[in-house]
Amino acid sequence: RAVYRLLETQDPDDPMYVWYQLIYDQLIPDLREWLIGDVRDERFFENDTLFRAAFNGWKAFGTPFSIYIPESFEPQTPWPHRFVKVEEYVDGVNLTQLKVRHRRNFARGWVTREDYRDIVSTIVKNYIAQLTHAPLTPEGTVLVHSDAHEGNFRLMADGRIAILDRNYYIEITQEDRDMVLGLFRG
């Protein structure tokens, strides 16, 4: 609506008008479809069960850290009235808040340089595993966590790394998966 209101106030001869029109015609419908799909993803719990079974407890070779996948809970209100995905609360420290120290105390978010390197290595290796070893959905696609950034990983006091905010998965076809893996191989 804001872009539409902006269009109403703009002079059609203004060079920016064309850009606003493109945003309104192309980008806004795509964003709307994506957001609605995210909120109403009817297959989320099926996909999340597959993902959790594959990666909860996953450990990268050569690092002491493992992955923790919090449990997701079905909404309490019947579909289609309300669909809110709820995820188990995980106590810990987000990667954005980690502090490199000479000694570790995971509960306080203190990690050594080696710990930090191993945490990042574990996350990167896990994403590669999501592409290479993830279970296939009934449609034959691979599930990849769609919102990877420092704020969605939490170091727990016991050294596990929780992957948070899995409210939407990217489903990658075999053809796209092969193309992405080709980029890694060079």
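These values consider heavy atoms only, across backbone and side chains, with no hydrogens, waters or symmetry-generated copies.
The minimum heavy-atom distance linking F65 with D115 is given by the pair CE1-O, 3.6 Å. Heavy-atom minimum distance, L95 versus L155: CD1-N, 4.3 Å. Residue A60 comes nearest to K125 through the heavy atom pair CB-CD, 3.7 Å, listed as atom of the first residue, atom of the second, then distance. Of all heavy-atom pairs spanning V90 and R154, the tightest one is O-NH1, 2.6 Å. Between P70 and L164 the shortest heavy-atom distance is CG-CD2, 4.0 Å. Taking all atoms of both residues into account, the shortest heavy-atom contact from I69 to N56 is N-OD1, 2.9 Å.
D91 contributes atom CG, which lies 11.0 Å from atom CD of E88 (distance to the nearest 0.5 angstrom). Expressed to the nearest 0.5 Å, how far CD of E71 lies from CG of D48 amounts to 9.0 Å. Separating the CZ atom in R101 from the CZ atom in R113 is a distance of 11.5 Å, to the nearest 0.5 Å. Note that the CZ atom of R177 and the CD atom of E171 stand 14.0 Å from one another [nearest 0.5 Å]. Atom-to-atom distance recorded for K59:NZ and I161:CD1 is 10.5 Å, nearest 0.5 angstrom. In this structure, the separation between OG on S146 and CG on N152 is 9.0 Å, given to the nearest 0.5 Å.
You'll find the side chain of I163 stays beyond 4.5 Å of the side chain of R52, heavy atoms only. For the pair F73/F45, no side-chain contact is recorded, criterion being any heavy-atom separation below 4.5 Å from C-beta on. Using a 4.5 Å cut-off on side-chain heavy atoms (C-beta onward), I172 and L131 make contact. The closest side-chain heavy-atom distance from L98 to I119 is below 4.5 Å.
Using modelled atom types and a 3.5 Å distance limit, the side chains of D118 and S121 yield no donor-acceptor pair. Residues T122 and T63 have side chains that bring a donor and an acceptor to within less than 3.5 angstrom of each other. Residues T137 and E139 have side chains that bring a donor and an acceptor to within less than 3.5 angstrom of each other.
A salt bridge links E87 with R166: at least one charged nitrogen is closer than 4.0 Å to a carboxylate oxygen.
F153 and Y68 have their aromatic ring centers separated by at least 6.0 angstrom.
Using a distance-only test at 3.5 Å, with no hydrogens or angles considered, no donor-acceptor pair links the side chain of Q174 to the main chain of G140. Not a single donor-acceptor pair under 3.5 Å links the side chain of N94 to the backbone N or O of Q97.
Linking Ile, Leu, Val, Met, Phe, Trp and Tyr residues whenever their side-chain heavy atoms come within less than 4.5 Å leaves M156 and V111 in two separate clusters. In this structure, I170 is a member of the same hydrophobic cluster as L143, with clusters built from ILVMFWY side-chain heavy atoms closer than 4.5 Å. W110 and F106 fall into different hydrophobic clusters, defined by Ile, Leu, Val, Met, Phe, Trp and Tyr side-chain heavy atoms under 4.5 Å apart, directly or through other members. Side-chain heavy atoms closer than 4.5 Å link hydrophobic residues (I, L, V, M, F, W, Y) into clusters, and following such links, possibly through other members, connects I128 to L183.
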task = List the steps and the verdict of side chain to side chain contact (heavy atoms under 4.5 Å, CB included) for L136 and T141.
result = CA-CA 5 Å; L136 296 178; T141 58; over 6 Å; no
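Atom NE2 of H102 has 12 or fewer neighbouring heavy atoms from other residues, nucleotides or ligands inside a 6.0 Å radius. In the displayed structure, E175 atom CD is contacted under 6.0 Å by at most 12 heavy atoms of other residues, nucleotides or ligands.
Between F55 and W58, the two ring planes are perpendicular [angle over 60°; tilted spans 30° to 60°].
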